[in-house]
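Residue numbering restarts at 1 for every chain, and letters A, B, ... go by the order of the sequence lines.
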Amino acid sequence: DAEITQSPRHKITETGRQVTLACHQTWNHNNMFWYRQDLGHGLRLIHYSYGVQDTNKGEVSDGYSVSRSNTEDLPLTLESAASSQTSVYFCASSDLGAGVFGVDTDTQYFGPGTRLTVL
Amino acid sequence: GNSVTQMEGPVTLSEEAFLTINCTYTATGYPSLFWYVQYPGEGLQLLLKATKADDKGSNKGFEATYRKETTSFHLEKGSVQVSDSAVYFCALNAGGTSYGKLTFGQGTILTVHP
């Protein structure tokens, strides 16, 4: 069965270190997304990609970067981890579904999440 | 811009009670609307969705109707179970220049007691 996986599931790091969170999907989806989940904020979009070599900034992209070298993977890098980046990170993927009145109806499939603690 | 507002939580109910979680949205054009559920320790799963006005999404006894006139997509279930305890997120996909991107509400924690 197709799936989306994230690793590691839990990570503790120190302020200033570089950290990379992995996301791998076997849906063969074009679109991939990274969100962070914080109490009271729901999920906020960090970066997203519509295909290989394409990356875009979301609403909370400062301090994060992504690269898309193949369809399956979108790793998220924290260049210099800060305590404010302590959060739960979710990766998601989607593909374009059948549109109605020109509206996209793609459903996003989420990974299990990575809990990151920055000390 | 696009936004989603959910009712404040947490919500605590007894088993077999009626559930309503309110969701209203702001968006241009004709967004698609979603409810996602997150069980403890897991990622989000799609619960139901609706793609145009007056559509009703349904799954696992949950229902929500896309009301364009009130810009709402309230989640309802007639008789909740302990296993429904989770966090529920309302979301929209505005399409157009927001292609593929979801805007989420803040989430509502539901706890169901036996």
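- Heavy atoms closer than 4.5 Å to chain B are found in the side chain of A/Arg9, but not in its backbone.
- The two residues B/Lys101 and A/Tyr50 have their closest heavy-atom pair at CG-OH, 4.1 Å.
- In this structure, B/Glu15 places its CD atom where more than 12 heavy-atom neighbours from other residues, nucleotides or ligands lie under 6.0 Å away.
- Inter-residue side-chain proximity for A/Tyr35 and B/Leu102 is flagged as met; some heavy-atom pair is nearer than 4.5 Å.
- Hydrophobic clustering, with ILVMFWY side chains joined whenever heavy atoms are under 4.5 angstrom apart, groups B/Leu13 together with B/Met7.
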> Are B/Phe104 and A/Gln37 close enough, and set up right, to give a side-chain contact (heavy atoms from CB on, under 4.5 Å), and what steps lead you there?
Replying inline: CA-CA 10 Å; B/Phe104 286 90; A/Gln37 182 181 22; over 6 Å; no
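- Taken to the nearest 0.5 Å, the OG1 atom of A/Thr107 stands 3.0 Å off from the NZ atom of B/Lys49.
- Under a hydrophobic-cluster definition in which Ile, Leu, Val, Met, Phe, Trp and Tyr are linked whenever side-chain heavy atoms come within less than 4.5 Å, directly or via other members, B/Phe34 and B/Ile21 are assigned to different clusters.
- In this structure, chain A has a heavy atom under 4.5 Å from the side chain of B/Leu46, while its backbone stays farther away.
- To the nearest 0.5 Å, atoms CD (B/Glu42) and CZ (A/Phe110) are separated by 13.5 Å.
- Rounding to the nearest 0.5 Å gives a distance of 13.5 Å between CD of B/Gln106 and CG of A/Asp38.
- Looking only at side-chain heavy atoms (C-beta outward), B/Gln45 and A/Tyr109 stay at 4.5 Å or farther from each other.
- With rounding to the nearest 0.5 angstrom, the OG1 atom of B/Thr103 is 11.0 Å from the CG atom of A/Leu43.
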